[in-house]
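All values below come from the heavy atoms of this structure, side chains included, with hydrogens, waters and symmetry mates left out. In this text, all values refer to a predicted model and were calculated from it rather than measured experimentally.
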Amino acid sequence: QVQLVESGGGLVQAGGSLTLSCTVSGLTSTNIGMGWFRQAGWFRQAPGKEREFVAAMRWSAGHQYYGDSVKGRFAISKDNARKSMNLQMNNLKPEETAIYYCAGSRNGILSSIQNPAQYDSWGQGTQVTVSA
């Protein structure tokens, strides 16, 4: 069974930085890692709010896409050595306190890359808390 696992969450002051990481396990091939997905990304969900698109990548081409609120501050990237995916978050704001989820899609289409329904694999999430 394919599983995604996030790491790197924690408590940070406003204006600070965190890097999240996502790895995949349960694949028959041990060499492909996150490349097993056509696209992979990050979403976040704060209490009482809907799940929000943060960033995603079309894995093969490496094209990156960002939610409007994080453009210029967050960066999604591949870790080729670990075959994982990272999310570098800079200049964090208190309103970005949420659970951050890693997600992967085997057959997602580009036009719906921001739609969580396109993703068929999800991690359990990692808490990010930004203090004022």
Side-chain angles (χ1 to χ4, degrees):
Q1 182 177 359
V2 175
Q3 289 185 319
L4 296 176
V5 179
E6 305 94 340
S7 61
L11 173 65
V12 64
Q13 289 186 334
S17 299
L18 279 176
T19 300
L20 305 183
S21 183
C22 178
T23 57
V24 60
S25 63
L27 297 176
T28 301
S29 170
T30 58
N31 291 327
I32 195 169
M34 291 296 292
W36 191 70
F37 298 107
R38 174 177 290 180
Q39 61 195 35
W42 295 90
F43 292 78
R44 64 190 180 191
Q45 189 165 19
K49 295 188 176 182
E50 293 186 352
R51 194 161 292 191
E52 177 189 13
F53 171 74
V54 176
M57 178 182 293
R58 296 285 284 184
W59 199 262
S60 179
H63 296 157
Q64 302 161 14
Y65 304 87
Y66 296 94
D68 289 341
S69 64
V70 306
K71 285 179 182 177
R73 297 186 298 118
F74 287 18
I76 189 171
S77 65
K78 300 179 184 180
D79 182 334
N80 290 322
R82 298 179 63 234
K83 302 192 186 303
S84 61
M85 177 175 69
N86 292 336
L87 181 69
Q88 173 69 40
M89 306 185 293
N90 298 320
N91 193 19
L92 282 159
K93 304 174 182 180
E95 56 265 36
E96 295 181 306
T97 294
I99 298 175
Y100 283 68
Y101 296 92
C102 171
S105 173
R106 290 278 286 160
N107 301 301
I109 58 177
L110 180 56
S111 61
S112 299
I113 199 167
Q114 299 190 19
N115 184 353
Q118 287 289 310
Y119 295 80
D120 39 59
S121 297
W122 291 85
Q124 292 192 332
T126 184
Q127 177 71 45
V128 172
T129 302
V130 186
S131 63

Working note: Val24 + Lys83, criterion side-chain contact (heavy atoms from CB on, under 4.5 Å); need CA distance, chi angles, decisive distance, verdict. CA-CA 8 Å; Val24 60; Lys83 302 192 186 303; over 6 Å; no
With sequence neighbours left out, write down each residue that passes side-chain contact (heavy atoms from CB on, under 4.5 Å) with [X], or none if nothing qualifies.
X	result
Lys49	Ala46
Ser77	Asn86
Glu95	Lys93
Asn91	Arg73

Which distance, rounded to the nearest 0.5 Å, do you find between the [atom1] of [X] and the [atom2] of [Y]?
X	Y	atom1	atom2	value
Glu50	Arg44	CD	CZ	14.0 Å
Phe74	Leu87	CZ	CG	6.0 Å
Met34	Gln39	CE	CD	11.0 Å

Sequence neighbours left out, cut at 3.5 Å: what donor-acceptor pairs do the side chains of residues 1-16 make with other protein atoms?
from, atom 1, to, atom 2, distance (Å)
Glu6, OE1, Gln124, N, 3.2
Glu6, OE1, Gly125, N, 2.9
Glu6, OE2, Cys102, N, 2.8
Glu6, OE2, Gly125, N, 3.1

Does any non-hydrogen side-chain atom of [Y] lie less than 4.5 Å from one of [X]?
X	Y	answer
Ile99	Thr126	no
Arg106	Asp120	yes
Met89	Leu20	yes
Arg38	Ser105	no

Can you tell me which residue pairs pass the ring-ring contact (aromatic ring centres under 6.0 Å, His included) test with a partner in residues 83-103, sequence neighbours excluded?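 Listed once each, the pairs would be none.
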Give every residue pair that meets the ring-ring contact (aromatic ring centres under 6.0 Å, His included) criterion with at least one member in residues 33-59, sequence neighbours excluded.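 For residues 33-59, and leaving out neighbouring residues, the ring-ring contact (aromatic ring centres under 6.0 Å, His included) pairs sorted by first residue read Phe43-Phe53, Phe43-Tyr119, Phe43-Trp122.
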Using the disulfide bond (SG atoms under 2.5 Å apart) rule, collect all pairs that involve residues 40-76, keeping only residues at least two apart or in two chains.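 Checked against disulfide bond (SG atoms under 2.5 Å apart) - neighbours excluded - no pair reaches residues 40-76.
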Strictly by disulfide bond (SG atoms under 2.5 Å apart), give each pair with a member in residues 51-95 just once, sequence neighbours left out.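 Residue pairs passing disulfide bond (SG atoms under 2.5 Å apart), neighbours aside: none found.
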Can Arg82 and Ser21 be counted as having a side-chain donor-acceptor contact under 3.5 angstrom? yes
Can you name the nearest heavy-atom pair linking Pro94 to Ala132, along with the distance?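 Minimum heavy-atom separation between Pro94 and Ala132: CG-CA, 3.9 Å.
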Heavy-atom pair with the smallest gap, counting every atom of Ser69 and Glu96: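 What the structure gives for the nearest pair is O-OE2, 4.4 Å.
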Apply the test side-chain contact (heavy atoms from CB on, under 4.5 Å) to residues Met85 and Ile76: give CA-CA distance (whole Å), side-chain angles for both, the deciding distance (0.1 Å), then the verdict. CA-CA 7 Å; Met85 177 175 69; Ile76 189 171; 3.7 Å; yes
Could you work out, with side chain to side chain donor-acceptor pair (under 3.5 Å) as the rule, every residue matching [X], not counting sequence neighbours?
X	answer
Asp68	Lys71
Thr19	Gln88
Tyr66	Gln64

Establish whether Val70 and Leu18 are linked, either directly or via other cluster members, by ILVMFWY side-chain heavy-atom contacts under 4.5 Å.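 Linked within one cluster.
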Backbone of Val130 reached by a side-chain donor or acceptor of Thr97 within 3.5 Å: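 Looks like yes, one N/O pair under 3.5 Å.
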